[in-house]
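Step one of this worksheet: look at the structure below.
Just so you know, these numbers come straight off a predicted model, no measurement behind them. Side-chain atoms are counted along with the backbone in the values below, which use heavy atoms only and exclude waters and symmetry mates. Proteins come first, then strands; the chains are lettered A, B, ... in the order of their sequence lines, and each starts at number 1.
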Amino acid sequence: METLFALLIGLLIGTGVFLLLSRVIVRVVLGLSFITYGGNLAILTVAGLREDAPPLLTLRGPYVDPLPQALILTAIVIGFATTALLLTVALRAYQVAGHDDVEAFGDSLARDPEAEDGLIADPEHQGPDRPDPEEPRTLVYSARPPGGDPS
Amino acid sequence: MSGLAWLTLAPILTPLGFGLGLLWPWSRPVRVGLSLAGVFLTLAFSLGLLAATADGTVLVGALGGWPAPFGIVMTADRLAAWVSVLGAVSAVLAVWQAAADPDPVREKHHLLALMQFLFAGVQMSFLTGDLFNLFVAFEVMLVASYALAVLGSTREQLREGFRYIVMNLAASALLVVACGLAYGVLGTLNFAHLARRSAELGPNPTVTAVGVLLLVVFAAKGALFPLGFWLPGTYPALPPAVGTFFAAVLTKVGVYALLRVFTTVFSQEAAVTNTLLLLLGTVTMLYGALGAASQREWRRILSFLVVSSVGYLAFGLGVGTEEALRASVGYFAVSVLVTTALFSIAGVAERASGSRLVRVRGMLDFLPLLAGCFLLCALTVAGLPPSGGFVAKYALVRAGLAQGSPLALVAVFSALLSSLITLYAMLNVWRGFFWGQHPNWLPVYRVPRALHAAAYAACALVAGLSLFAGPLFARADATAAELRDNARYIRGVLGDGPVVIPPAPTGEEDGP
């Protein structure tokens, strides 16, 4: 059964990586879910597979080790939360950028963030590209400091 | 368990509690007051930990009263207490900056509460004594950091934040797999018990493979060379106060995990992992320094310097002698404090010139004190005397030369070269921003006094590094000795006797 599980985990993680390399945001999110579940199955397999053995000590034995099950439970909860968060970010990114394509964000470090292509998917929910409302900034000097060349 | 064991939990629960309290819509002064109270209290508890572990005690807080290998334990030895204090200091300065620089939009969406959750996650990663709990701590820290990274949802933040989140989620999935494999091979997840079991097994390829897998995960979190591509884009996109803490501490969490895992836990086949770390460190130092020299914006330059500093730490860890570990522990402090200071300075500079670009010229006339602070930090980060950075880098280079393997010599060369390039990059900033004649058509803005004060306070700490280098390195000495010989840590957590696994219940005792 270990072989079957190993193949299954490989398939899950392979699919996940394939989706992760896609340019569509939602596919990236789905790919990460696949990888997470591959990881969870890996814990289950590594800790030893047994048929018909509960992890609960109040039932009659034989038992399977309960710790991996607890680990997987924790990992599932955390994975669920992070996936939800990532989906929210993906939605927000789609609203602001107007594409569900990762390339729409550009990739260059030197890219000017002010240079917009003017595409907004949802005009009602566009992002505040300047989150700080322009507070009245005080100018110290608008001209040269004292002692400078007066010309 | 000693009477001070609660101290291992206090730095985690304090920011958590204050974070929950901050979710209530208080008025701004109350929120700022609560945030500051939270970080100062955390700092006080961390200092308490530092004092309690100064004589080599290992504090163990067993959650739910379950003894070490069976339950989750929080442990604090010298190293953990040390990094916990550094994290708390950086947190104080970050909150100070956030308090001095009101940001109504982000604060409405719980900027201050999220920062407290981030601090809780960071402290928990430093103080945990359990591999799976380390994963949970990473997630607590990262979920808060994801939210902070995209809070405000500017286009740049979303672009970089999405990349950051995806990268870290993939690394986390790998960490879960590594935890599972470690449990499968060694049958435990507690650091001390893992160390004892791997020592019993002796050099073992499977254990080493798990170690290398963990190395990949922590290298991704700590932004070592091929896996650190996300960092220089993400950090400049953040609001300044948050960016300060991210840059100073978040990568260091990965480095701390590397230190912990490869000195305390998997120390049986150190040659393999040390070679890898040395290689990655060599490349990362140069990559960071060259990157810094190539950029034109304040915080992009500084972000690459963060990458470079991680490279130095990996170099120290990879050399692996006691001297090198001592230098690494010392450099850890230098790096956290100087990064905090530089990012605070960058915050003030960006506000004063109204531009992210370095090339403004002539700001020396308006910000003379800031210029002095910047020069001090530049010397520290490049590693020139009389700064504390010189002492740490000198120790690193000496340790590398003393070890003397060809790879270590290449790494030493790379360290010296990247220091030189870093100096060039910093002088470029100096020349571009402070030097010369200010063009009179460019405006100069007034910066809130408290924001200035935060930068000066951070610089005072950097100056303190050079003044108190003696006691600092004395402590680093003791820490390195403890890391070199993990017996004390193991005994502190597991006690003297062998771990007795209770017999498996047969299901007969309870009766029907």
Let me know if [X] has heavy atoms under 4.5 Å from chain A in its side chain, its backbone, both or neither.
X	answer
V136(B)	both
V150(B)	side chain
L175(B)	neither

Under 4.5 Å from a heavy atom of chain B, the part of L41(A) involved: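 Contact with chain B involves no heavy atom of L41(A) at all.
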
Which answer fits L32(A), side chain, backbone, both or neither, if we ask what part of it has an atom under 4.5 Å from a heavy atom of chain B?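 For L32(A), the contact with chain B is made by the side chain alone.
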
How would you list, in number order, the residues of residues 72-81 of chain A that have a heavy atom less than 4.5 Å from chain B?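 Listed by number: T74(A), A75(A), I78(A).
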
Does the side-chain contact (heavy atoms from CB on, under 4.5 Å) test come out yes or no for H193(B) and L186(B), once each step is laid out? CA-CA 9 Å; H193(B) 202 199; L186(B) 297 168; over 6 Å; no

What do you reckon, is [atom1] of [X] surrounded by more than 12 foreign heavy atoms closer than 6.0 Å?
X	atom1	result
R28(B)	CZ	yes
R361(B)	CZ	yes
Y183(B)	OH	yes

Is the closest basic N to carboxylate O distance between E350(B) and R356(B) below 4.0 Å?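 Not counted as a salt bridge, because no side-chain N and carboxylate O are separated by less than 4.0 Å.
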
Between E139(B) and S172(B), is there a side-chain donor-acceptor contact under 3.5 Å, judged purely by atom types and distance?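 Their side chains do contain a donor-acceptor pair, which is all the 3.5 Å distance test asks for.
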
Donor-acceptor side-chain pairing of T82(A) and Y146(B) below 3.5 angstrom: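 Short answer, no.
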
For each of T83(A), I43(A), V17(A), tally heavy-atom pairs with chain B at distances under 4.5 Å, and name the one with the top tally.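 Going by pairs under 4.5 Å, I would pick I43(A).
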
Ring centres of F138(B) and F135(B) under 6.0 Å apart?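 No, ring centres 6.0 Å or more apart.
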
Among V185(B), V210(B), L131(B), V207(B), the one residue meeting side chain to side chain contact (heavy atoms under 4.5 Å, CB included) with L194(B):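 Per the side chain to side chain contact (heavy atoms under 4.5 Å, CB included) rule, the option paired with L194(B) is L131(B), out of V185(B), V210(B), L131(B), V207(B).
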
